[in-house]
A.B. asks: 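Supplied in structure tokens, the structure appears directly below.
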Amino acid sequence: MEQLGRHILVEFYNCDKEILNDHGLIEEYMKNAAIEAKATIVQSAFHMFNPWGVSGAVIIQESHLTIHTWPEYGYAAVDLFTCGDTVDPWVAFDYLKKTLKSDKTETTEVVRGEAGRIRHFSPEKYDQIHFKPVEEQEKKCV
């Protein structure tokens with residue numbers, strides 16, 4: 001299927017509660033997940049809540065990875081959204097499952113930017129749909 005990206009919605013259950021409440025570790029693990037998936041990190045932002053829980057995002061050139069933790073329940077909600085065909089969000093998923101020590105997960109993968117729908121709904125004609133702009137399009141944007 002021709003698409004711009006893949007978005008995996010992840011439910012991590014029965015994680016290590018201390019890890020889920022460790023701001024530094026969560027940021028480190030999310031950045032490492034991006035690196036393991038072969039993504040290019042642009043920026044990250046993480047916040048520690050009082051009395052517990054961490055939310056954060058790793059912005060990657062190919063989209064983003066986000067997390068929100070509920071240490072009191074051993075639960076983390078994670079979004080792994082990648083574009084293009086060089087970054088594999090499932091590699092990030094495997095890394096996080098291991099490092100968060102989750103023994104039960106549920107996932108839903110969503111196609112993002114499905115080319116047929118872009119063509120159908122757009123008033124413009126597109127012969128090809130690319131994750132990154134083609135050279136001619138880049139010149140027009142300058």
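We count residues from 1, following the sequence as given.
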A.B. asks: Using the rule side chain to side chain contact (heavy atoms under 4.5 Å, CB included), only one of V10, V78, T105, D103 pairs with K97; which is it?
C.D. replies: T105
A.B. asks: What is the distance from atom NZ of K98 to atom NZ of K101, rounded to the nearest 0.5 Å?
C.D. replies: 11.0 Å
A.B. asks: Once you round to the nearest 0.5 Å, how far does CG of N32 lie from CG of L25?
C.D. replies: 10.0 Å
A.B. asks: Can you tell whether the side chains of E72 and K17 come within less than 4.0 Å, N to carboxylate O?
C.D. replies: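 Salt bridge: no.
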A.B. asks: Is there any salt bridge (charged side-chain N to carboxylate O under 4.0 Å, His left out) pair reaching into residues 28-50, and which pairs are they, with sequence neighbours excluded?
C.D. replies: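 Non-adjacent pairs meeting salt bridge (charged side-chain N to carboxylate O under 4.0 Å, His left out): E27-K31.
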A.B. asks: Specify the closest pair of heavy atoms between A92 and A33, including all atoms of both residues, with the distance to one decimal.
C.D. replies: CB-O, 3.6 Å
A.B. asks: Hey, would you say the Y126 and H120 ring centroids sit under 6.0 Å apart?
C.D. replies: no
A.B. asks: Between V42 and I60, what is the shortest heavy-atom contact and its length?
C.D. replies: CG2-C, 3.8 Å
A.B. asks: Please round to the nearest 0.5 Å and tell me the distance separating atom OG1 of T107 and atom CD of E11.
C.D. replies: 9.5 Å
A.B. asks: Using a 6.0 Å cut-off, check whether atom OH of Y13 has over 12 heavy atoms from anything other than its own residue.
C.D. replies: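 Enclosed.
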A.B. asks: To the nearest 0.5 Å, what is the distance between OG on S55 and CH2 on W70?
C.D. replies: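 The distance works out to 7.0 Å.
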A.B. asks: Could you check whether E2 pairs with R119 (Lys NZ or Arg NE/NH1/NH2 to Asp/Glu carboxylate O, under 4.0 Å)?
C.D. replies: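 Yes, charged N to carboxylate O under 4.0 Å.
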A.B. asks: Counting N and O atoms only, with roles assigned by atom type, does the side chain of T40 sit under 3.5 Å from a partner on the main chain of Q61, one being a donor and the other an acceptor?
C.D. replies: no
A.B. asks: Please check if the distance between the ring centroids of W90 and F93 is under 6.0 Å.
C.D. replies: yes
A.B. asks: State the CG-CG distance between L80 and D88, to the nearest 0.5 angstrom.
C.D. replies: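 Between atom CG of L80 and atom CG of D88 there are 10.0 Å.
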A.B. asks: Test I26 against every option in L96, N21, V54, T99 by the side chain to side chain contact (heavy atoms under 4.5 Å, CB included) rule and name the one that passes.
C.D. replies: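 Option passing the side chain to side chain contact (heavy atoms under 4.5 Å, CB included) with I26: V54.
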A.B. asks: Please report the shortest heavy-atom distance between S102 and K104, naming the atom on each side.
C.D. replies: OG-O, 2.9 Å
A.B. asks: Which class fits the ring pair H23 and F46: parallel under 30°, tilted 30 to 60°, perpendicular over 60°?
C.D. replies: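 The rings of H23 and F46 stand perpendicular, inter-plane angle above 60°.
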A.B. asks: Is it the case that one hydrophobic cluster holds both L20 and M48, taking links as side-chain heavy atoms less than 4.5 Å apart, direct or via other members?
C.D. replies: yes
A.B. asks: F81 ring centre to R112 NZ or CZ under 6.0 Å, with the angle to the axis within 45°?
C.D. replies: yes
A.B. asks: In a check of side chain to side chain contact (heavy atoms under 4.5 Å, CB included) between D79 and each of I8, L65, T66, which one passes?
C.D. replies: T66
A.B. asks: Name the orientation class of the two ring planes belonging to Y95 and Y29 (parallel below 30°, tilted from 30 to 60°, perpendicular beyond 60°).
C.D. replies: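 Correct class here is perpendicular.
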A.B. asks: For the CE atom of M30 and the CD1 atom of I41, what is their distance to the nearest 0.5 Å?
C.D. replies: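 Answer rounded to 0.5 Å: 10.0 Å.
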